[in-house]
Protein chains: 2
Amino acid sequence: MKLEKITNCGPGPRRRYNDACGAAHGLELVGDRWALLVVRELMLGPKRFCDLKADLPGISANVLTQRLEELEAVGILTRCKLPPPASVQVYELTPWGYEAEPILQVLGRWAARSPYHDPTLPLTETSFLLSLRTMLDPARAEGLRLTVGFRFGAQAYTGCLGDGQLAIRRGEAENPDIAFEGAVPALVAAVYGGQPLSELEASGALTVTGDRALAARFVTLFPLPPKVGEEG
Amino acid sequence: MKLEKITNCGPGPRRRYNDACGAAHGLELVGDRWALLVVRELMLGPKRFCDLKADLPGISANVLTQRLEELEAVGILTRCKLPPPASVQVYELTPWGYEAEPILQVLGRWAARSPYHDPTLPLTETSFLLSLRTMLDPARAEGLRLTVGFRFGAQAYTGCLGDGQLAIRRGEAENPDIAFEGAVPALVAAVYGGQPLSELEASGALTVTGDRALAARFVTLFPLPPKVGEEG
DNA sequence: CGGCATCCGGGAAGATACTG
DNA sequence: CAGTATCTTCCCGGATGCCG
């Protein structure tokens, strides 16, 4: 039963598009419901089944199982065991899987202009950090080099800004120029809501350490595109 | 019943992702089966229902109706009547809808590296011409300015290459530097298969007019990305 | 003929319970 | 924790028919 699934890579003949267009093939690869969001959640590094399930509220275990099988069968991710003593099974994107990030970026940038986009919905740590990479304005970041630490509860991330790009990895920053600690919605308010850092700190939602003027500038580097109908 | 559909824009609550991530919202907008391919087929200008259905082999009339309703409800396309004497109803992308082209490009470029991509499947005129825009290598086109005519049976298209970009519109070219006439697969063979124009002309599959040396250079401007596993 | 509604079968998605 | 089994619901795709 599992062997059958692996041998027919991708959807059955019924669900193929029979179209040489690359975009059509892309939809066969990651166009199934939840598939691209699974890829998104793995974009900052491997995760285990339960964390994926927790970070994709609404997905059911059997659908997640099926998507992971399909994405593995076509070479977008691999199932691997962490070395002892962890020895847990995790799912990790292949190099080609990591190359899917521009899909998330272009789709996200375009959809952010939608009148029906609701930015008040919940956001995972991964998708917030990826959104920073997406929305970073290279012009505003011109000539700026810095290391930034993020801490959301237990998990820490490190961002390195330079050459108009923002690299992000899991783990504590070594000697960050600035660091943020708090929940995702607080950082969203600062970066996308334009709420002053001082207010968020006063309310206890966010803790900022390091060069505070630099932090205030950092959160302005990520302009949202104008909504449809507004000038732009 | 139709009003219900229009008032709940996008999928029902069950099928929403409940995720503020732009990519997730993008999937709610164009993530349904066939939706993005409908957008693709409209990318070079408005089309009528029957032509859409013919250009998307496999889609059924009711699904096409449903996708057109949904895409109209969220503002990606509009249903409009051509002026008399044509007076036919056509579907046309909104300006925001046309801005979805980079999604097709990024998805297509990424999926072209897939080991399972089958370039021998049929390709519509629209998706072939869009693929030229996608795959154009600005470095190879450096300093090149030309007008190119395409004719596939009844329909003609005009391409304008300049500044490392290729603009394409429907209609006969005025004074093209080069022109191709034939079926899509013949042009595919020339551009992506590396088959010499002379061979294709000898077999009668393709007719080339204008500056033949320029035509031979033109078809080399669209390199395919390396497959996964090959260097690149 | 173009556009759309209706009905039906198959299959994918979703929810829940259960197992190694 | 990492899935599997089962059941239900809903969507997709095909066929048919209505109506302008």
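Since this is a predicted model, take the numbers as computed values, not measurements. Every chain is numbered from 1, with letters handed out A, B, ... down the list of sequences.
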> Closer than 4.0 Å, any side-chain N/O of A:Arg79 to the OP1 or OP2 of D:dG3?
Replying inline: yes
>> Closest approach to the side chain of A:Gln89, judged atom by atom: which nucleotide of D:dA2, D:dC12, D:dT4 is it?
In response: D:dA2
> What pairs with B:Pro57 under side-chain contact (heavy atoms from CB on, under 4.5 Å), at least two apart in sequence or on another chain?
Replying inline: none
> Taking only residues two or more places apart in sequence, or in another chain, which ones meet B:Thr94 in a side-chain contact (heavy atoms from CB on, under 4.5 Å)?
Replying inline: B:Thr78, B:Trp96
>> Tell me the interatomic distance from A:Glu72, atom CD, to D:dG3, atom P, rounded to whole angstroms.
In response: 10 Å
> Can you check the A:Arg16 CZ to D:dG13 C1' distance for me, whole Å?
Replying inline: 17 Å
>> How many whole angstroms separate atom CG of A:Asp32 from atom C1' of C:dG11?
In response: 12 Å
>> From CG of B:Leu77 over to P of C:dG3, roughly how many Å is that when rounded to an integer?
In response: 13 Å
> Can you name the salt bridge (Lys or Arg N to Asp or Glu O under 4.0 Å) partners of A:Glu172, sequence neighbours left out?
Replying inline: A:Arg151
> In residues 46-63 of chain B, which ones come under 4.0 Å of DNA chain C, going by heavy atoms?
Replying inline: B:Arg48, B:Phe49, B:Cys50, B:Asn62
>> Just verifying a value: how many Å separate B:Leu56 CG and A:Asp19 CG, rounded to the nearest 0.5 Å?
In response: 8.0 Å
> Starting at CG of A:Leu64 and ending at P of C:dA15, how long is that distance when rounded to a whole Å?
Replying inline: 13 Å
>> Below the 4.0 Å mark, does D:dC11 have OP1 or OP2 next to a side-chain nitrogen or oxygen of A:Arg33?
In response: no
For residues 182-192 of chain A, tabulate all N or O donor-acceptor pairs below 3.5 Å that involve a side-chain atom, not counting sequence neighbours.
from     : atom 1 : to       : atom 2 : distance (Å)
A:Tyr192 : OH     : A:Ser131 : O      : 3.3
A:Tyr192 : OH     : A:Ser131 : OG     : 2.8

>> So, using side-chain hydrogen bond (donor to acceptor under 3.5 Å, both in side chains) as the criterion, who are the partners of B:Asn62 when residues are at least two apart?
In response: B:Ser60
>> Using whole Å, what does the distance between atom P of nucleotide C:dG2 and atom OH of B:Tyr91 come to?
In response: 12 Å
>> Please pick, from D:dG13, C:dG3, C:dG14, the nucleotide with the shortest atom-to-atom distance to any side-chain atom of A:Trp34.
In response: C:dG14
